[in-house]
*Asks:* 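The structure's right below; bear with me while I get my questions together.
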Number of protein chains: 2
Amino acid sequence: MPTKTYHIGVEATMEIIGGKWKSIILCHLRHHAMRTGELARAIPQISQKMLTQQLRELEAANIVSRHVYKQVPPRVDYALTDYGESLSGILHELCVWGEDNIDRRQAAGEPITLMSRDDV
Amino acid sequence: MPTKTYHIGVEATMEIIGGKWKSIILCHLRHHAMRTGELARAIPQISQKMLTQQLRELEAANIVSRHVYKQVPPRVDYALTDYGESLSGILHELCVWGEDNIDRRQAAGEPITLMSRDDV
DNA sequence: TCTAATTATTACCTTTTGGTGGGTAGCGCA
DNA sequence: TGCGCTACCCACCAAAAGGTAATAATTAGA
């Protein structure tokens, strides 16, 4: 079986939080567990397909846990695992740095907006 | 003109350090300025095209600076700008978290290897 | 005159990622 | 009977990201 080789730690991290959606999802889950629909509303640009797909991948990496309530209509929610919590500090810093980056770019006259800050 | 809209800070950060290569390049530049060929050797999997393309984008975002020496054969090096340095702490944490992630997965029996740790 | 050295560009192709629109399950309620 | 609610899956398509290989530019030195 082929051994997967990384050359530097950040490669492995990015495999987990990289891509267009994962870090955004995780930043939301940082505060509290959220239901599927709740996440969808918090991230209006995401499609349902992407949302569940990314959640599945985060679950496989043991970063989020999925909790199904036995109800009809169905109720499912997602939360950071204990291991996922170990990313919390980094996620926060990524948010804050991004906010600052947006401020700078605005100050420089770029036409960009930020809808909500870290702790939605 | 269309105003670019972000919904959360991390989106902007990931636009800058996301993708397969940028964070790796930045982790290397964290320690000292490096020449093109030196970076290429440090990141053996990257192609020349990707290397220069990513460096151009980082330059455009004001994260790295490009310094051309008037010599033949050409000599060019890249370094973090002052603003780029503001990412240094985050980059370091991303490296360390990834190293730990790899350790865990190894301990769990996954066939993976890490070639070199943070401070190459 | 020919080659080595270093950085960078271009055209072309493959892979990965993301988006759309449809459909399912199962219970409650008008 | 038929619709709404919630989560989610699938087939198909479009766009973005990344990979390969060939090529340029320039000058020292064999």
Side-chain angles (χ1 to χ4, degrees), chain A residues 2 4-8 10-26 28-29 33-61 64-79, chain B residues 2 4-8 10-26 28-29 33-61 64-79:
Chain A
K4 175 144 210 175
T5 300
Y6 295 97
H7 292 259
I8 191 172
V10 70
E11 244 180 302
T13 308
M14 283 304 173
E15 219 170 78
I16 290 179
I17 68 166
K20 190 167 174 182
W21 302 115
K22 298 220 180 74
S23 59
I24 300 179
I25 293 172
L26 292 174
H28 284 287
L29 291 181
M34 290 174 83
R35 299 185 55 175
T36 313
E38 204 177 352
L39 274 168
R41 279 186 300 279
I43 312 173
Q45 335 92 277
I46 202 173
S47 67
Q48 206 164 48
K49 169 186 150 183
M50 279 298 118
L51 180 56
T52 41
Q53 186 182 103
Q54 303 299 303
L55 285 167
R56 292 288 170 280
E57 292 175 17
L58 290 169
E59 209 189 339
V64 311
S65 59
R66 178 168 185 264
H67 183 194
V68 183
Y69 298 82
K70 287 217 176 332
Q71 297 183 2
V72 166
R75 177 193 182 94
V76 177
D77 67 24
Y78 296 91
Chain B
K4 175 144 207 174
T5 300
Y6 295 97
H7 292 258
I8 191 172
V10 70
E11 243 181 302
T13 307
M14 282 303 174
E15 219 170 78
I16 290 178
I17 68 167
K20 189 166 173 182
W21 302 115
K22 297 218 182 75
S23 58
I24 300 179
I25 293 171
L26 292 175
H28 284 286
L29 291 182
M34 291 175 82
R35 299 185 56 173
T36 313
E38 205 176 350
L39 275 168
R41 279 186 300 279
I43 313 174
Q45 334 93 278
I46 203 173
S47 67
Q48 206 161 47
K49 169 188 149 182
M50 278 297 117
L51 180 56
T52 42
Q53 184 181 106
Q54 304 300 303
L55 285 166
R56 291 287 171 283
E57 292 175 17
L58 290 169
E59 208 189 339
V64 310
S65 60
R66 179 167 184 264
H67 184 193
V68 182
Y69 299 81
K70 288 218 175 333
Q71 296 183 3
V72 166
R75 177 194 182 94
V76 177
D77 66 26
Y78 296 90

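Just so you know, these numbers come straight off a predicted model, no measurement behind them. Lettering of chains follows the sequences in order, A, B, ..., and the numbering in each one begins at 1.
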*Asks:* Less than 4.5 Å apart, any side-chain heavy atom of Glu57(B) and any of Gln53(B)?
*Replies:*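 Yes, their side chains come closer than 4.5 Å.
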
*Asks:* Look at the side chain of Arg35(A) and decide which nucleotide, out of dC8(D), dG19(D), dA7(D), has an atom nearest to it.
*Replies:*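 Taking heavy atoms from C-beta onward, the closest nucleotide is dA7(D).
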
*Asks:* So, is Arg41(B) close to the dT6(C) phosphate, meaning a side-chain N or O under 4.0 Å from OP1 or OP2?
*Replies:*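 Negative; the distance criterion is not met.
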
*Asks:* Looking only at side-chain atoms of Trp21(B), point me to the closest of dG18(D), dC5(D), dG18(C).
*Replies:*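 The answer is dG18(D).
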
*Asks:* Within the structure provided, determine whether Leu29(A) and Leu39(A) are in side-chain contact (heavy-atom separation under 4.5 Å).
*Replies:*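 Yes, their side chains come closer than 4.5 Å.
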
*Asks:* Please compare Pro74(A) and Met50(A) by the position of their nearest nucleotide in DNA chain C and report the one closer to 5'.
*Replies:*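 Its nucleotide being nearer the 5' end, the pick is Met50(A).
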
*Asks:* I need the CG-P distance between Leu39(A) and dC8(D), as an integer number of Å.
*Replies:*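 Whole-Å distance recorded here is 11 Å.
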
*Asks:* Go through dG18(D), dA7(D), dA8(C) for me and flag the one nearest to the Val76(B) side chain.
*Replies:*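 Closest nucleotide to the Val76(B) side chain: dA8(C).
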
*Asks:* Just wondering, do Gln45(A) and Lys20(A) contact through their side chains at under 4.5 Å, heavy atoms?
*Replies:*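 Lys20(A) vs Gln45(A): side chains apart.
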
*Asks:* Quick one: which of dT6(C), dC8(D), dC5(D) gets closest to the side chain of Gln48(A)?
*Replies:*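 Selected nucleotide: dC8(D).
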
*Asks:* Could you tell me the separation between the CD1 atom of Ile24(A) and the P atom of dT17(C), rounded to a whole number of Å?
*Replies:*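 That distance rounds to 16 Å.
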
*Asks:* Picking from dT20(C), dT20(D), dC8(D), which would you name as closest to the side chain of Lys49(B)?
*Replies:*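 Of the candidates, dT20(D) comes closest.
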
*Asks:* For dA8(C) and Arg56(B) - does any side-chain N or O of the residue sit under 4.0 Å from the phosphate oxygens OP1/OP2?
*Replies:*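 Answer yes for this pair, as a side-chain N or O of Arg56(B) is under 4.0 Å from OP1 or OP2.
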
*Asks:* Are any of Tyr78(A)'s side-chain N or O atoms less than 4.0 Å away from OP1 or OP2 of dC8(D)?
*Replies:*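 Yes, such a contact exists.
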
*Asks:* What nucleic acid atoms does Thr52(B) come within less than 4.0 Å of, heavy atoms only: base, sugar-phosphate, or nothing?
*Replies:*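 Thr52(B): base contact, heavy atoms under 4.0 Å.
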
*Asks:* Given dA7(D), dG18(D), dT7(C), identify the nucleotide with an atom nearest to the side chain of Gln54(B).
*Replies:*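 Within the option list, the nearest is dG18(D).
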
*Asks:* Using atom CD1 of Ile25(B) as one end and atom P of dG18(D) as the other, report the distance to the nearest whole Å.
*Replies:*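 About 10 Å, once rounded to whole Å.
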
*Asks:* Measure CG/Asp77(A) against C1'/dA7(D) and give the value in whole Å, please.
*Replies:*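 My rounded result for the distance is 12 Å.
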
*Asks:* Figure out the CG/P separation between Leu51(A) and dT6(D), and round it to whole Å.
*Replies:*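 These atoms are roughly 15 Å apart.
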
*Asks:* Answer whether the closest heavy-atom distance between the side chains of Lys22(B) and Ile16(B) falls below 4.5 Å.
*Replies:*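 Counting from C-beta outward, Lys22(B) and Ile16(B) never come under 4.5 Å.
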
*Asks:* Taking the nucleotide of DNA chain D with the closest heavy atom to each, which residue, Gln53(A) or Pro73(A), is nearer the 5' end?
*Replies:*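 Result of the comparison: Pro73(A).
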
*Asks:* Among dT26(D), dT20(C), dG18(C), which nucleotide sits nearest the side chain of Lys20(A)?
*Replies:*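 It is dG18(C).
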
*Asks:* State which of dG18(C), dT10(C), dA7(D) makes the closest approach to the side chain of Thr36(A).
*Replies:*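 In terms of side-chain proximity for Thr36(A), the closest of dG18(C), dT10(C), dA7(D) is dA7(D).
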
*Asks:* Just how far, in rounded Å, is C1' of dA25(D) from OH of Tyr69(B)?
*Replies:*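 Roughly 21 Å, once rounded to whole Å.
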
*Asks:* Glu38(A) versus Arg41(A): any side-chain heavy-atom pair under 4.5 Å?
*Replies:*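 Glu38(A) vs Arg41(A): side chains touch.
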
*Asks:* Does Val76(B) reach the side chain of Arg66(B), with side-chain heavy atoms less than 4.5 Å apart?
*Replies:*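 The answer is yes, as the side chains (C-beta and beyond) meet within the 4.5 Å cut-off.
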
*Asks:* I need the CD1-P distance between Ile46(A) and dC8(D), as an integer number of Å.
*Replies:*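 That distance rounds to 13 Å.
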
*Asks:* Using whole Å, what does the distance between atom P of nucleotide dA25(D) and atom CZ of Arg75(B) come to?
*Replies:*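 To the nearest whole Å, that distance equals 24 Å.
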
